[in-house]
Amino acid sequence: DGGLFERLLSEEWSRDFCSLYPSYEEYKAHGLGFAALKEGVPVAGASSYTFWSEGIEIEIDTRSDCRRKGLATVCASALILECLRRGLYPSWDAHDLRSLALAEKLGYRLEMLYPLQAGLKVLRLVVVAVMVGKLQHIILLSSLRRLFRLEGLFARLEGKRLSALT
């Protein structure tokens, strides 16, 4: 909702979830995301950093004091499942080893490394993780089972901690 959109923009850790959208109306029209809430306050999320006609670029983060609780996994799983339901490709560029591990846990595989540069200086290597196979057969069986278990978790958590941004 619009209030959650504004709140995510106001926090440093979550700003990139929706900072490329000039307004909530623009995000609602083109964006997609999920946030984990603790006592009504966002503590983790996965969102479309940007979009194109056939997919989104995933942005994911967890507030530092709430990490290692599976919240990023739940939010990313919800976002990926919603992308697949809508026929969108959920693109994932892993910027660190934690992101790569989560991507692989969710059925992505390493495709390539590329340098992120400022001028001639390489700042870091960025991992491009891609979904395996055609869109209909994107996720490996073990990851699919994991996602369906998480989908059951979504049903139990509905209205408690997980909130859709749109």
Side-chain angles (χ1 to χ4, degrees), residues 1-96 98-103 105-108 116 126-131 135-136 138-139 143-144 146-166:
D1 67 25
L4 182 56
F5 175 85
E6 293 301 326
R7 186 159 198 165
L8 292 168
L9 277 176
S10 71
E11 301 280 336
E12 180 66 32
W13 73 270
S14 61
R15 188 167 295 129
D16 284 341
F17 289 153
C18 42
S19 63
L20 290 184
Y21 300 89
S23 68
Y24 173 68
E25 290 71 28
E26 184 75 16
Y27 185 88
K28 189 173 180 179
H30 301 288
L32 176 62
F34 292 87
L37 307 177
K38 180 179 180 182
E39 299 174 7
V41 176
V43 294
S47 181
S48 53
Y49 178 71
T50 189
F51 70 96
W52 70 97
S53 63
E54 297 172 2
I56 67 164
E57 178 66 37
I58 293 175
E59 176 68 29
I60 187 163
D61 204 351
T62 302
R63 204 173 69 186
S64 60
D65 62 321
C66 294
R67 291 188 176 142
R68 312 270 323 138
K69 297 178 181 175
L71 299 174
T73 302
V74 170
C75 291
S77 298
L79 181 59
I80 291 166
L81 287 170
E82 185 60 22
C83 282
L84 297 177
R85 189 184 72 73
R86 294 182 184 196
L88 298 172
Y89 183 82
S91 177
W92 191 306
D93 283 6
H95 292 272
D96 59 32
R98 290 178 305 166
S99 181
L100 176 60
L102 179 56
K105 179 179 180 179
L106 294 171
Y108 291 79
L116 182 61
V126 178
V127 176
V128 177
V130 296
M131 297 298 280
L135 197 55
Q136 295 84 357
I138 275 181
I139 299 180
S143 296
L144 192 57
R146 192 177 303 120
L147 286 175
F148 284 124
R149 281 197 307 271
L150 288 170
E151 193 171 55
L153 177 63
F154 302 149
R156 290 193 303 276
L157 294 176
E158 194 169 331
K160 294 180 183 172
R161 295 189 316 187
L162 194 64
S163 177
L165 292 177
T166 57

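These figures come from a predicted structure and were not determined experimentally.
- In terms of the side chain to side chain contact (heavy atoms under 4.5 Å, CB included) criterion, residue partners of Leu9 (sequence neighbours excluded) are, by chain and number, Phe5, Glu6, Arg15, Cys18, Ser19.
- Between the CD atom of Glu12 and the OG atom of Ser10 there is a distance of 10.5 Å, given to the nearest 0.5 Å.
- Looking at Arg86 and Leu32, their side chains come closer than 4.5 Å, going by heavy atoms from C-beta outward.
- Pairing each heavy atom of Ala72 with each of Ala44, the nearest pair is N-CB, 4.5 Å.
- Closest of all the heavy-atom pairs between Thr73 and Ser77 is O-OG, 2.7 Å.
- The two residues Ile80 and Trp92 come nearest to each other via the heavy atoms CD1-CZ3, 4.3 Å.
- Across Tyr21 and Phe17, no two heavy atoms sit closer than the pair CE1-O, 4.4 Å.
- Taking 4.5 Å as the limit, every side-chain heavy atom of Pro90 sits out of range of all side-chain heavy atoms of Leu79.
- If you check the side chains of Ser47 and Tyr27, you find a donor sitting under 3.5 Å from an acceptor.
- One finds no salt bridge joining Lys28 and Glu25 here, because no Lys/Arg side-chain nitrogen approaches an Asp/Glu carboxylate oxygen to under 4.0 Å.
- With hydrogens and angles disregarded, no donor-acceptor distance shorter than 3.5 Å links the side chain of Ser48 to the backbone of Phe51.
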For residues 54-62, run the donor-acceptor check on the side chains, cut-off 3.5 Å, and write out each pair with its distance to 0.1 Å, sequence neighbours left out.
residue: Glu57; atom: OE1; partner: Ser91; partner atom: OG; Å: 3.0
residue: Glu57; atom: OE2; partner: Asp93; partner atom: N; Å: 3.3
residue: Asp61; atom: OD1; partner: Arg67; partner atom: NH2; Å: 3.3

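- If you take OH on Tyr49 and CG on Asp16, they are separated by 5.5 Å, rounding to the nearest 0.5 Å.
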Steps toward side chain to side chain contact (heavy atoms under 4.5 Å, CB included) verdict (Leu71, Arg63):
CA-CA 10 Å; Leu71 299 174; Arg63 204 173 69 186; over 6 Å; no

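- Nearest approach of Leu8 to Pro42, heavy atoms of both residues: CD2-CB, 3.7 Å.
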